[in-house]
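Just below is one structure, and these are the notes that go with it.
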Amino acid sequence: MSFSPTSVLVTGGAGFIGSNYLLHVVQSYPETTFVNLDALTYAGNLANLKAIENAPNYTFVHGSVTDAQLLSRLFDTHGFDAVVHFAAESHVDRSILDPTAFVSTNVHGTLVLLQAALAAWKNADRPCRFHHISTDEVFGSLGLDGHFTAQTPYAPRSPYAASKAAADHLVRAFGTTYGLPWVMTNTSNNYGPFQFPEKLIPLVIRNAVVGDPIPVYGRGENVRDWLFVEDHVRALDLVLRRAEDHSTWLIGGDQEISNLELVEMLLDAVDQATGKPIGTRRSLIQFVTDRPGHDFRYALDSSPVQEELGWSPNHDLASGLSRTVAWYLENAAWMNAILDGGYRDYYDLQYGSRGMN
Ligand code: NAD
Ligand code: DAU
């Protein structure tokens with residue numbers, strides 16, 4: 001299968017993965033136009049896109065995927081032949097504090113976007129391929145052994161995961177019922193430049209730099225599989241261009257580690273990058289109340305995307321973390337600009353009762 005889109009709608013392109021994706025594709029495909037539709041929630045940041053903001057094949061539109069009229073206008077104007085749907089509420093802890101926005105954006109927003117893509121596809125002479133960006137969390141929680149595959153039954157456990165699972169089901173239902181061409185990717189924990197510091201890795205780097213306590217949930221025994229975001233976006237590009245319609249691809253970094261080991265590795269990397277004796281910052285670690293319903297482990301079988309589409313990650317955890325730490329240290333201004341009152345309010349709500357102030 002070979003597909004070369006000419007006009008692509010990217011949703012949520014001012015967020016972490018969406019901006020890394022746009023930075024890659026806008027420069028790699030100058031003949032393709034990319035429209036970035038983003039509501040600029042607390043997680044959306046146009047500073048991420050400075051390098052391409054004036055590119056002739058890139059346009060930003062401020063708006064929501066829940067706005068059917070706006071979507072209809074955008075499809076009419078730009079004749080999209082592909083949609084890459086990143087827009088979502090993405091943080092598990094926020095979904096535990098209040099799931100409302102998760103259902104609105106992740107479920108209802110995906111439905112409205114699917115309806116717009118379907119209407120456009122029916123009126124056009126070219127299919128509109130819908131690339132849905134999803135997560136390994138839809139499959140639930142693993143014990144010490146085993147991997148999720150594309151055939152693993154869904155068993156989401158947090159409000160975030162449930163909202164992503166609902167969206168995934170809607171995408172597949174639009175394929176089965178109406179014939180909409182879709183591809184789907186379910187990915188493990190991403191990290192790298194431009195990640196909002198509510199997520200573990202940038203939060204640890206930020207707290208390590210200023211000497212604040214590092215909150216580790218429970219005993220830090222939960223396991224995640226970490227994928228450097230630039231490796232992820234290369235895989236996304238391959239799937240959009242090469243995968244068969246109605247196919248699902250699991251993309252993981254094959255870099256499993258417990259949270260405590262990861263935090264220690266990261267603190268040591270910050271020590272090294274700032275010229276402190278390795279191990280100095282480990283004393284900042286503070287074990288705090290566990291996340292309710294905390295999934296123990298995620299792990300993905302990525303062999304199909306490796307064997308059938310020829311993808312492989314370029315970074316292991318050590319090289320990815322070292323690049324990530326270097327990026328955050330060099331981009332302190334980026335971090336400081338987003339540590340506003342809204343971030344403080346969230347931090348107090350999330351960590352205040354866990355003894356983190
Ligand atoms: P993020 O929170 O950094 O960014 C989300 C973006 O979506 C923001 O720019 C935000 O402004 C935008 N947005 C939110 N609501 C919107 C709406 N109603 N209309 C338009 N835009 C809206 O998220 P991320 O970490 O970049 O994740 C992107 C996607 O990848 C999500 O669908 C997430 O579920 C999925 N995913 C993330 C990871 C990860 O480790 N970060 C892993 C697997 C899957
Ligand atoms: O697995 C893919 C998912 O990865 C994505 O779908 C989500 O959008 C993304 O947020 C991420 O979810 P996690 O919950 O795994 O990521 P987070 O960075 O919030 O937490 C990583 C692990 O670290 C998790 O086991 C919880 C733990 N943690 C997190 C924070 C923020 C801590 O111990 N302390 C913390 O302060």
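One-based numbering, in listed order, for ligands and for the atoms of each. One-based numbering along the sequence shown.
Heavy atoms of His294 approach ligand 2 to within less than 4.0 angstrom. Residue contact annotation: Glu198 has a non-hydrogen atom under 4.0 Å from ligand 2. Look at Phe196 and you'll find every heavy atom at least 4.0 Å from all atoms of ligand 1. In this structure, Thr11 falls outside the shell of residues with a heavy atom less than 4.0 angstrom from ligand 1. Ligand 1 has Asp38 within reach: a non-hydrogen atom of the residue lies less than 4.0 Å from it. Residue Ser19 places no heavy atom under 4.0 Å from ligand 1. Residue contact annotation: Tyr191 has no non-hydrogen atom under 4.0 Å from ligand 1.
Only the side chain of Glu137 comes within 4.0 Å of ligand 2, judged by heavy-atom distances. Under 4.0 angstrom from ligand 1, the non-hydrogen atoms of Leu40 all belong to its backbone. Contacts with ligand 2 closer than 4.0 Å are made by side-chain heavy atoms of Asp136 only, the backbone lying farther away. Contacts of Trp226 with ligand 1, taken as heavy-atom pairs under 4.0 Å, are absent altogether. Neither the backbone nor the side chain of His85 has a heavy atom within less than 4.0 Å of ligand 1. Counting heavy atoms closer than 4.0 Å to ligand 1, residue Ser104 contributes nothing at all.
A side-chain donor from one of Tyr346 and His91 sits under 3.5 Å from a side-chain acceptor of the other. A donor-acceptor contact closer than 3.5 angstrom links the side chains of Tyr154 and Asp168.
The atoms of ligand 2 that sit less than 4.0 Å from any heavy atom of Val92 are 14 (O). Of all the atoms in ligand 2, the ones that sit under 4.0 Å from a non-hydrogen atom of His91 are 19 (O). The ligand atoms of ligand 2 that sit less than 4.0 angstrom from a heavy atom of Tyr298 are 1 (O). Ligand-side atoms of ligand 2 in range of Lys199: 10 (O), 18 (O), range being under 4.0 angstrom from any heavy atom. Of all atoms in ligand 1, listed by their number and element, those nearer than 4.0 Å to a heavy atom of Ser134 are 43 (C), 44 (C). Those atoms of ligand 1 with a heavy atom of Tyr160 less than 4.0 angstrom away are 33 (C), 34 (O). Close approach of ligand 1 to Ala88 (heavy-atom distance below 4.0 Å) involves ligand atoms 5 (C), 7 (O), 14 (C), 31 (C), 32 (O). Near Val216, meaning under 4.0 Å from one of its heavy atoms, ligand 2 places the atoms 33 (O). When each atom of ligand 2 is checked for a heavy atom of Thr187 under 4.0 Å away, the hits are 2 (C). Within ligand 2, the atoms closer than 4.0 Å to a non-hydrogen atom of Tyr351 are 30 (C), 31 (C), 35 (C), 36 (O), numbered from 1 in the order shown. Atoms of ligand 1 found under 4.0 Å from any heavy atom of Ile17 (numbered from 1 in listed order, with element): 26 (O), 27 (O), 30 (O), 37 (C), 38 (C), 39 (C), 41 (N). Ligand 1 places these atoms under 4.0 Å from at least one heavy atom of Lys164: 31 (C), 32 (O), 33 (C), 34 (O). Near Ala39, meaning under 4.0 Å from one of its heavy atoms, ligand 1 places the atoms 16 (C), 17 (C), 19 (N), 20 (C), 21 (N), 22 (C).
Taking the charged nitrogens against the carboxylate oxygens, Glu198 and Arg94 do have a contact shorter than 4.0 Å, which makes a salt bridge. A salt bridge links Asp231 with Arg234: the closest approach of a Lys/Arg side-chain nitrogen to an acidic carboxylate oxygen falls below 4.0 angstrom.
Of the listed residues (Thr187, Ile133, Leu70, Leu113), the one carrying the non-hydrogen atom nearest atom 43 (C) of ligand 1 is Thr187. Nearest to atom 14 (C) of ligand 1 by heavy atom, out of Val112, Thr41, Leu46, Asn36, is Thr41.
Nearest protein heavy-atom contact of atom 34 (N) of ligand 2 is Pro215 O, 2.8 Å. For atom 16 (O) of ligand 2, the nearest non-hydrogen atom of the protein is Asn189 ND2, 3.4 Å.
Here the closest non-hydrogen pair linking Leu321 and Tyr191 is N-CE1, 3.7 Å.
For the atom pair Thr152 OG1 and Asp301 CG, the distance stands at 9.0 Å (nearest 0.5 Å).
Transitive grouping of hydrophobic side chains (ILVMFWY, heavy atoms separated by less than 4.5 Å) brings Val183 and Val25 into a common cluster.
Counting only distance, with no hydrogens or angles, the side chain of His62 and the backbone of Ala39 share a donor-acceptor pair below 3.5 Å.
Judged by the 6.0 Å and 45° rule, Arg241 forms a cation-pi pair with Tyr29.
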